Amino acid sequence: MSFPSLEQLHTLKPQQQPNYPDPSAVAAVNLELSTRPPLVFAGECDDLRSKLASVARREAFLLQGGDCAETFAGVTAQNVKNKLQVLLAMAVVMQYAAQVPVVKVGRLAGQYAKPRSSDMETRDGVSLPSFRGDAVNGFDFTSDSRIPDPRRLLDVYNASAATLNLTRAFVTGGFADLRTIHNWNTNFVRTSSVVERYEHLADEIERAMAFMITCGIDDDSMRTVDFYASHEALLLEYEHALTRIDSRSQQPYNTSGHFVWIGERTRQLDGAHVELLASVRNPIGVKLGPKVSGAEALALAERLDPDNEPGRLTFITRMGADNVGEALPPIIETIQNAGRTPVWVCDPMHGNTFSTSNGYKTRSFDRIVTELNGWFDVHDQMDSWPGGVHIELTGDDVTECVGGVGELAETDLENRYETACDPRLNRNQSLELAFTVAERLTDGRIKRANPVQAFTPVDL
Ligand SMILES: O=C[C@H](O)[C@H](O)COP(=O)(O)O
Ligand SMILES: C=C(OP(=O)(O)O)C(=O)O
Ligand SMILES: [Mn+2]
């Protein structure tokens, strides 16, 4: 099985690509990237695909989260640790509530390139190219900083390798111990105003943990977790250079991340991004906004997952709180009628962004929860599995989204607004969201594949 050449991809009018001033510099970077070792291995991608197949079979739930735009300056032990900490804590809460394994996938180690709504940004009458992520140009609003530089792709590779290395060390070196993670949640519940709402769940987890320990359960599954890297496959030069033929299967894999997805702005059926990802064996995702029809979603499924392979395709729906109830059911119905069971994931962030009167791009925690609840209601109505959530978040106490447990107001945003692109949930808002999702997952209306069987005493 081969994959398309970069030249072939460029004939497909790729969207959201940088306008590099010097093609020879791009070619030189391509050559160097194509000799660099893979960042992830095909076998790891296969493991993730089989875990996502469990999600498609209602036997697991996916938690995918991290920065909207990673930054080179953000590649620090503390930043990676905080992000992992909040994701692992969220996963414990969801896993206990859902009574199914939670597949943990970070938006990290490659999320450095951004599609933008507008090519140009104008401030005080000065127009410059939009910031497209550290992978492309600089955040500073100066003409030099905003010139796309292909050498940044080498920095993306190095930053991603360092982040992956740290992540692997953290999740296998004791940081992911279930008892430690649970203590974080207990502290959160005790130190925030959500005590009454979540203390019961936190206490139940505490008792379950204590019970497991009294049973002498103390194996590796208590201390380590499987954790995977994901990002949007946006920059064709980078993604193509890291697409390699697996020596075991002779199949192409994107080795820049375990899971890569196609964004809302680049999912044209006959486009370059669909062409490239259709050719790789990774588990892949596609973002679906409120204007997509069932027929378009089905055409994407048939193109990207022709064998209807469990775990291969994840639809990440980002409908907006006001649209999810109307826009999502016909899409699910069309896919169900075609006999397909992709992984259905909710991204409650990208359809709910707005700008405040004081000029901040933000999101409201309440609107995020409204879309999530609407999404759960639709899957309940359609008897499909609400398979996971896709969240832009950080493990830091930033002030980027209004509302939530700290009741952040628009006037609070200036205190610690650090995102390089979209506003992220902060640590406490992320944990509160996990408890909110947990409440829905314990909802009896959601039909799991293997509900925890009531204990039936043996007839003696
Ligand atoms: O992360 C998603 C997009 O890159 C982002 O929402 C685009 O933001 P913009 O509308 O400010 O360009
Ligand atoms: C660009 C993103 O989202 P979307 O493609 O859904 O706008 C993103 O998830 O970073
Ligand atoms: Mn975003």
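The first residue in the sequence is number 1, and the count goes up from there. Not measured: the values here are computed from a predicted model. Remember, it's 1-based here, ligands and their atoms both numbered in the order they're listed.
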Short list, please: which atoms of ligand 2 are under 4.0 Å from a heavy atom of [X]?
{"X": "Gln111", "value": "10 (O)"}
{"X": "Arg107", "value": "8 (C), 9 (O), 10 (O)"}
{"X": "Glu232", "value": "1 (C)"}
{"X": "Gly263", "value": "5 (O)"}
{"X": "Pro115", "value": "1 (C)"}

Run Ser117 and Arg265 through side-chain hydrogen bond (donor to acceptor under 3.5 Å, both in side chains) and show every step you take. CA-CA 9 Å; Ser117 305; Arg265 296 171 182 81; 3.3 Å; yes
Quick one: look up the protein heavy atom nearest atom 4 (P) of ligand 2 and list residue, atom name and how far away it is. Lys287 NZ, 3.5 Å
Name the closest protein heavy atom to atom 5 (O) of ligand 2, giving the residue it belongs to and the distance to 0.1 Å. Glu264 N, 2.9 Å
With heavy atoms only and a cut-off of under 4.0 Å, state how Met349 meets ligand 2: side chain, backbone, both or neither. neither
Can you classify the ring geometry of His379 versus Trp344 as parallel (below 30°), tilted (30 to 60°) or perpendicular (above 60°)? tilted
Salt bridge or not between [X] and [Y]? Use side-chain N to carboxylate O under 4.0 Å.
{"X": "Glu121", "Y": "Arg146", "answer": "yes"}
{"X": "Asp377", "Y": "Arg440", "answer": "yes"}
{"X": "Arg424", "Y": "Glu392", "answer": "no"}
{"X": "Asp270", "Y": "Lys13", "answer": "no"}
{"X": "Asp67", "Y": "Lys83", "answer": "yes"}

When you check ligand 1 against the protein, what N or O pairs turn up below 3.5 Å? List the atom names and distances, or just say none.
| from | atom 1 | to | atom 2 | distance (Å) |
| --- | --- | --- | --- | --- |
| ligand 1 | 1 (O) | Lys114 | NZ | 2.9 |
| ligand 1 | 1 (O) | His350 | NE2 | 3.2 |
| ligand 1 | 1 (O) | Asp422 | OD2 | 2.8 |
| ligand 1 | 4 (O) | Pro115 | O | 2.5 |
| ligand 1 | 6 (O) | Asp422 | OD1 | 3.2 |
| ligand 1 | 6 (O) | Asp422 | OD2 | 2.9 |
| ligand 1 | 8 (O) | Lys361 | NZ | 3.0 |
| ligand 1 | 10 (O) | Ser117 | OG | 2.5 |
| ligand 1 | 11 (O) | Arg116 | NH2 | 2.9 |
| ligand 1 | 11 (O) | Lys361 | NZ | 2.8 |
| ligand 1 | 12 (O) | Arg116 | NE | 2.7 |
| ligand 1 | 12 (O) | Arg116 | NH2 | 3.4 |
| ligand 1 | 12 (O) | Ser117 | N | 2.8 |
| ligand 1 | 12 (O) | Ser117 | OG | 3.4 |

How wide is the angle at the Mn ion (ligand 3) between SG of Cys68 and NE2 of His350, to the nearest 10°? 170°
My understanding is that only residues two or more places apart in sequence, or in another chain, count here; which of them pass side chain to side chain donor-acceptor pair (under 3.5 Å) with Asp246? Arg248, Ser249
Is it true that Lys114 lies under 4.0 Å from ligand 2, counting heavy atoms only? yes
CD of Glu232 to CD of Glu239: how many Å apart, nearest 0.5 Å? 9.0 Å
Give the intermediate values and the outcome of side-chain hydrogen bond (donor to acceptor under 3.5 Å, both in side chains) for residues Asn428 and Glu432. CA-CA 6 Å; Asn428 282 345; Glu432 186 181 359; over 6 Å; no
Do Arg36 and Asn158 have side-chain atoms, one donor and one acceptor, less than 3.5 Å apart? yes
Note: Met382 and Ile332 closest approach over all heavy atoms is CB-CG2, 3.9 Å
Evaluate Arg318 for polar contact with ligand 2, using N/O atom pairs at a separation under 3.5 Å. yes
For ligand 2, which is the ligand I care about here, please tell me if Arg265 has any N or O atom under 3.5 Å from one of the ligand's N or O atoms. yes
Look only at the side chain of Asp412 and the backbone of Ala409, and say whether a donor-acceptor pair between them is shorter than 3.5 Å. yes
Assess Cys421: does it contribute an N, O or S atom lying under 2.8 Å from the Mn ion (ligand 3)? no
min-distance N/O/S atom, Asp422 vs the Mn ion (ligand 3), resolves to OD2
Name whichever N, O or S atom of Glu392 ends up nearest to the Mn ion (ligand 3). OE2
